Each structure stands twice: as structure tokens, then as C-alpha cells.
Protein chains: 2
Amino acid sequence: MTLPQTRAFQKVVDHVEQAIATGELAPGDRLPSERELVERFGIARSSVREALRVLESMELVRSQPRDPRGPLVLPASTGPIRRSLQMLTATQAVSLPELVQFRMVADAAANLMAATRRTDAQLLGLERNMARMRESIPLGYGAFSRLDLEFHELIAEAGGNTLVRLYGNVTRESVLTLIQRTILDAGDREALMRRSVRHHAAVYQAIADRDGPLASRLARETLYAYYADHVDEADRAIMADLVRECGGTVS
Amino acid sequence: MTLPQTRAFQKVVDHVEQAIATGELAPGDRLPSERELVERFGIARSSVREALRVLESMELVRSQPRDPRGPLVLPASTGPIRRSLQMLTATQAVSLPELVQFRMVADAAANLMAATRRTDAQLLGLERNMARMRESIPLGYGAFSRLDLEFHELIAEAGGNTLVRLYGNVTRESVLTLIQRTILDAGDREALMRRSVRHHAAVYQAIADRDGPLASRLARETLYAYYADHVDEADRAIMADLVRECGGTVS
DNA sequence: GCCTGGTAGCTGGTCGGACCAGCTCGGCGC
DNA sequence: GCGCCGAGCTGGTCCGACCAGCTACCAGGC
């Protein structure tokens with residue numbers, strides 16, 4: 001009684017995936033209990049459980065012990081994408097130059113959009129972040145870099161584009177983990193941090209002034225200045241192209 | 001002992017994930033057989049199988065029936081990211097304007113990089129694609145749009161940035177599925193296709209001439225022209241910003 | 001009549017055993 | 001020496017059992 005084509009659990013996975021994609025199952029809905037899925041799909045409970053583990057790993061559903069209402073359908077999440085991306089960078093499938101180049105593109109877009117769409121409240125959030133960042137300099141690079149990520153995340157959020165935000169956040173995190181070792185070796189970390197604060201202030205001002213092109217150019221120029229020395233000639237040329245594309249100058 | 005905070009299969013997942021991330025397990029390596037993992041981790045075979053299903057859904061390993069060598073460790077894949085992204089767009093977690101805006105950014109970057117890095121062989125591939133595209137016009141929009149996707153995929157490949165390529169491909173696919181209904185309603189589909197062919201020819205020429213800024217600007221202007229009418233005022237403004245960012249003009 | 005306490009029945013988590021189909025390999029018979 | 005066949009492994013599936021904890025219901029005491 002073996003099915004050569006598809007494995008038993010795959011039927012359940014496909015069915016639930018389809019139902020969620022079509023909106024038939026919405027976040028907050030409940031799947032039937034494991035034992036009920038056994039009857040509906042005519043497969044063993046172990047197979048049902050394999051299906052639920054797969055759906056859980058995609059963050060589509062969540063099973064909770066002793067919940068009589070059944071597995072919960074979750075809202076669409078970017079978690080699996082983040083984890084997959086981190087695995088790609090961890091296994092060197094994506095290199096630092098690729099990450100930096102993409103970050104130039106994503107940060108530029110985020111800054112541009114934020115300059116147009118930002119609200120005063122979001123501007124205030126950026127101010128508060130910058131204040132905390134200045135205070136964190138004596139605390140070391142760990143706390144500082146978390147606030148650095150938050151600064152860009154706030155901008156991406158203000159930009160209002162889910163994809164720019166998601167890809168940008170993941171990319172920034174990956175860049176940070178890859179570069180952290182190098183940074184820690186650098187002699188004058190405090191100078192690096194102070195430079196970051198100045199760059200953030202410039203970007204903040206451009207966004208406050210609703211000067212999108214400037215905010216965009218600052219992102220590209222800054223990233224070029226930070227990372228150009230960490231990549232080889234060919235990748236540096238691409239980065240320079242990205243800076244010049246929008247009228248920027250390579251320092 | 002039943003609820004040790006973490007579920008049994010998670011131990012195996014974490015262990016294997018870690019081993020792959022650190023390079024301890026490389027693509028082509030083999031995991032121990034299910035029954036051996038049972039002994040090593042001291043858990044039941046059903047739990048081991050749940051772990052393997054999760055690792056399989058992340059495309060980190062693959063189990064093959066009756067393979068005495070055990071589950072195969074796979075090379076890093078972008079498959080899970082693609083599927084997660086498609087789910088995000090399917091559930092409307094990402095809207096058409098967001099997709100189009102991001103596509104403007106990604107296509108522009110891909111065109112720019114391709115103009116610098118493209119080889120003559122890749123140029124030839126673009127030519128062949130364009131020829132097939134012209135021939136496909138009488139065959140209807142389905143075949144045409146597949147070749148359209150391929151054209152941009154070839155450019156992204158020539159650009160040489162994994163992230164730009166991955167994100168761009170997924171985004172283009174999603175845009176196409178979301179817009180297809182509208183396109184099919186449009187009166188003169190053949191005129192649309194002929195316009196696409198002309199735009200592709202212009203991009204091709206810019207890439208052939210190694211004129212990155214032009215290739216980039218063409219991407220943004222073309223996408224604005226195609227989709228500006230399908231989004232509301234605020235999103236259209238952002239799209240116009242993206243065009244002007246690099247010296248383009250809004251038609 | 002109302003409150004309270006126990007219990008039955010559900011949930012998901014885990015385990016162990018069983019069988020199947022198909023591949024590999026080694027030993028046996030020729 | 002060559003070829004065949006079965007033993008032993010693999011993953012895929014199913015079944016039954018038990019546990020812990022939550023809930024709802026019902027009986028008993030006040």
C-alpha cells in the first residue's frame with residue numbers, strides 16, 4: 001500500500017498550503033485536530049504529524065499542546081525567509097560583496113521612500129534612536145550595532161515597502177555578522193562608531209527635509225566608503241557604478 | 001520528561017542545521033540512517049522522521065527510499081525563499097504596488113550590473129531570447145510572458161549578484177501572476193507585446209554598449225509606464241521618485 | 001438551588017513495534 | 001569462476017499505547 005508518487009504527509013501539506021494561499025484558511029483559523037486529519041486524509045497520525053512539522057517550519061501553522069481547538073493558522077511571516085537567507089550566507093552561498101551591493105540598492109530605495117512618506121512621529125523615532133546610539137558608544141560595538149540596525153529598520157518601515165524592508169533587514173543583519181569579525185579587529189572602533197553617528201545624522205536630515213535623492217545618494221556613498229576596502233577590484237567597480245548611477249561621487 | 005521545553009525532533013534539526021552552517025556537514029555528505037539517529041539522539045524514530053521532514057522542507061537534506069547511505073546533504077538552495085515569497089504575495093501580505101516598486105529597484109540594479117559584467121555569450125543569449133519572443137507574439141500572451149521572464153532572468157544572471165537575481169526573479173513572477181488578469185482584459189494585447197519587444201531591444205542595446213546608467217534608467221521608466229495606471233496616487237508618486245532618482249523622466 | 005470537586009474525554013508529544021518494497025552484497029550451488 | 005538467491009539494510013507507512021494537562025460536564029455536599 002505504498003504510494004510511489006507522493007508521500008503521504010505531502011497530501012496534507014499541499015492541501016493546507018493551497019487553502020492558505022487561496023484565503024480559504026485565514027490567520028486565526030484552526031486546523032482539525034491531528035486525529036481528525038487522520039480520518040479526513042486516510043493516513044496515519046505519524047504522517048499527519050510530519051505534515052504539521054513541515055507546515056510549522058514554514059510558519060504557516062502552530063501546534064500547541066493540549067489545545068482542543070487544533071493547530072492555529074498563523075499570519076504570513078517573513079521568518080522562514082530570514083532563516084533561509086542566514087543559512088545561505090552562513091554557507092558562503094552568498095558572499096559579502098553581493099550582500100553589500102544589494103544593501104546599497106535596498107538602503108537607497110528605503111531612504112528615498114522614507115523621505116517621501118515619513119511621518120513626524122517616525123522622524124521622532126529616528127531622533128530617539130540617534131540619541132540612544134550616541135549614548136551607547138561607550139558600551140561597546142555590540143549594543144551600538146543593534147541600534148544601528150534599528151535605525152535602518154525604522155527608515156525601512158517609514159518607507160512603507162514590505163519587500164524593501166524585509167530584504168533590507170535580512171541583508172543588513174547578514175552583512176553585520178560577516179563583517180563583525182573584521183570590525184572587532186579594527187583598531188579604533190570608537191572612531192568608526194562616531195563616523196556612523198555622523199552619517200546617520202546626515203541621512204536623518206535629508207529625510208526630515210524630504211530630500212529623497214540626497215537620502216538615497218548618502219546611503220550608497222556611505223556603504224561604498226565603509227566596505228569598498230573589503231571587496232576585490234571587480235566588485236568595487238560594481239559598487240562604484242551603483243554610487244554614480246544616482247549622481248553620487250566615489251570618495 | 002514529556003515536555004522538556006524543546007520538542008524531541010528539534011534537537012536533531014538544530015544539530016544538523018548547526019553542522020551545515022558551520023561547514024561541518026558539506027553538500028554531498030550523508031546523514032546517519034534514521035535508525036542510527038534514533039540511537040544517537042535517544043529519541044523515537046517518529047521524532048527523527050519529523051526532524052528529517054523539517055530539514056527536507058528547508059531543502060537542507062533529502063531522504064531517498066532504500067538508500068543505504070542515508071539522507072543526502074544538499075547544496076544551499078533558494079527554493080524555500082521562493083516558496084515563502086510566493087506565499088506572501090498569494091496571501092496579499094505584499095501588494096502589487098510594493099512588488100512593482102521593488103521590481104523597479106531590482107531590475108534597475110540588475111540592468112546596471114549586467115551592463116558592466118555581461119559576456120558576449122550572455123549577450124548572444126539575450127539576442128536569441130528576443131528572436132523567440134518576436135516569434136511568440138502570435139502564440140498568445142502565455143508563451144510571450146514566459147519568454148519575458150526569461151529575458152530578465154538572463155540579465156539578472158549576467159549581473160552576477162545572487163540576491164538581485166533571486167529577489168528580482170521572485171518579484172517578477174509575482175507581478176506577472178497578479179497583473180495577468182488585468183492584461184488579459186486589455187483590448188490590444190498584441191500592441192502590448194510589441195511594445196515589450198521594443199523595450200527589450202532598447203535595454204539590450206544599452207547592455208551591449210555597456211551603458212549601465214541608461215540600462216538602469218530604462219528599467220525604471222519602462223516599469224513606470226507599464227504600471228503607473230494600476231496603482232493609486234501615493235504609490236505612483238513613489239514610483240515617479242524612483243524614476244527621477246537616476247535622472248529619468250516620467251512619461 | 002447553587003457552588004464545588006472529581007472525572008471523563010479531548011488535546012498534542014513521544015515511544016516502540018510492525019510490515020512493506022526495493023536495493024546491495026555475500027555466500028552458496030553449479 | 002560464474003551466476004543466482006536470500007539475508008539484511010534502507011526509507012515509508014501504519015498501528016497502538018502511554019503521558020500530561022486542559023475543559024466541560026455531572027454528581028454530591030451545603
Side-chain angles (χ1 to χ4, degrees), chain A residues 1-17 19-20 25 27-74 77 79, chain B residues 1-17 19-20 25 27-74 77 79:
Chain A
M1 205 49 212
T2 316
L3 298 181
Q5 291 285 10
T6 49
R7 298 190 280 192
F9 78 91
Q10 197 65 39
K11 289 194 296 187
V12 183
V13 172
D14 291 345
H15 183 270
V16 174
E17 252 184 327
I20 293 178
L25 276 174
D29 287 353
R30 297 287 179 159
L31 257 51
S33 74
E34 294 183 1
R35 287 167 176 86
E36 191 162 344
L37 288 170
V38 167
E39 295 181 2
R40 295 208 192 173
F41 287 89
I43 60 179
R45 192 171 158 220
S46 53
S47 296
V48 167
R49 286 180 57 78
E50 289 180 21
L52 289 175
R53 290 301 86 76
V54 170
L55 293 167
E56 258 178 17
S57 85
M58 299 190 283
E59 291 190 24
L60 294 178
V61 307
R62 186 177 59 207
S63 286
Q64 296 177 102
R66 285 153 249 110
D67 189 335
R69 295 168 296 180
L72 176 66
V73 176
L74 300 175
S77 163
Chain B
M1 120 162 213
T2 311
L3 289 179
Q5 197 69 9
T6 63
R7 297 190 280 192
F9 78 90
Q10 197 65 40
K11 289 194 296 188
V12 184
V13 171
D14 291 345
H15 184 269
V16 175
E17 252 185 326
I20 293 179
L25 276 175
D29 287 351
R30 298 286 179 160
L31 258 50
S33 73
E34 294 183 359
R35 288 168 176 84
E36 191 162 345
L37 288 170
V38 167
E39 295 181 3
R40 294 208 192 172
F41 287 89
I43 60 178
R45 191 172 158 220
S46 53
S47 296
V48 168
R49 288 181 57 78
E50 289 179 21
L52 289 175
R53 290 301 87 77
V54 170
L55 293 168
E56 254 177 21
S57 84
M58 298 191 283
E59 291 190 22
L60 295 178
V61 308
R62 187 177 59 207
S63 287
Q64 295 177 101
R66 285 154 250 110
D67 189 333
R69 296 168 297 181
L72 176 67
V73 176
L74 299 175
S77 162

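Within every chain, numbering begins at 1; the chains are lettered A, B, ... in the order of the sequence lines, protein sequences first and strands thereafter. Everything numeric here is computed off the predicted structure, so don't read it as measured data.
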Practice problem: Kindly point out which of C:dT14, D:dC14, D:dG11 is positioned nearest to the side chain of B:Pro65? | Solution: D:dG11
Self-check item: B:Arg53 side-chain N/O to D:dG12 phosphate OP1/OP2 under 4.0 Å
Solution: yes
Quiz prompt | Integer-rounded Å distance: D:dG11 C1' and B:Arg62 CZ | solution = 14 Å
Practice problem: Please state whether the phosphate of D:dT10, meaning OP1 or OP2, lies under 4.0 angstrom from any side-chain nitrogen or oxygen of B:Ser33. | Solution: yes
Exercise. Grab the CG-P distance between B:Leu52 and D:dG11 for me, whole Å please.
Key: 8 Å
Self-check item: Separation of C:dC10 P from A:Arg69 CZ (nearest whole Å)
Solution: 18 Å
Quiz item: How many Å lie between CD on A:Glu34 and C1' on C:dG13, as a whole number?
Solution: 8 Å
Quiz prompt | For atom CZ of B:Arg49 and atom C1' of C:dT14, their distance in whole Å | solution = 15 Å
Self-check item: Which nucleotide in C:dG13, D:dC14, D:dG12 has an atom nearest any side-chain atom of A:Ile43
Solution: D:dC14
Quiz prompt | A:Ser47 side-chain N/O to D:dG12 phosphate OP1/OP2 under 4.0 Å | solution = no
Quiz prompt | Most 5' of B:Leu31 and A:Ser46 on DNA chain D, judged by nearest nucleotide | solution = B:Leu31
Exercise. List the atom of B:Gly70, the atom of B:Arg30, and the distance in Å for their closest heavy-atom pair.
Key: O-NH1, 2.9 Å
Practice problem: Starting from C1' on D:dG12, measure out to NZ on A:Lys11 and report it in whole angstrom. | Solution: 13 Å
Quiz item: Any donor-acceptor pair under 3.5 Å between the side chain of A:Arg45 and the base of C:dG13?
Solution: yes
Quiz item: Which nucleotide, D:dG11, C:dC15, C:dG13, lies nearest any side-chain atom of B:Arg35?
Solution: D:dG11
Practice problem: Check every atom of D:dG12, D:dT13, C:dC15 against the side chain of A:Ala8 and return the nucleotide holding the closest atom. | Solution: D:dT13
Self-check item: Heavy-atom pair with the smallest gap, counting every atom of A:Phe9 and A:Ser47
Solution: CB-O, 3.3 Å
Quiz item: To the nearest angstrom, how far is A:Arg7 atom CZ from D:dT13 atom C1'?
Solution: 12 Å
Exercise. Mind listing the closest non-hydrogen atom pair of A:Gly79 and A:Glu59 along with its distance?
Key: CA-OE2, 3.9 Å
Self-check item: Whole-Å gap separating P (D:dC15) and CZ (A:Phe41)
Solution: 16 Å
Exercise. Would you kindly compare B:Gly42 and A:Pro68 by the position of their nearest DNA chain C nucleotide and give the one closer to the 5′ end?
Key: A:Pro68
Quiz item: Sub-3.5 Å donor-acceptor pair from the side chain of A:Glu56 to the main-chain atoms of A:Ser63, do we have one?
Solution: yes
Exercise. Mark yes or no for a side-chain to base donor-acceptor pair under 3.5 Å between B:Arg66 and D:dG12, with no hydrogen or angle criteria applied.
Key: no
Quiz item: If you look at every heavy atom in B:Val38 and B:Ile43, which pair is closest and at what distance?
Solution: CG1-O, 3.0 Å
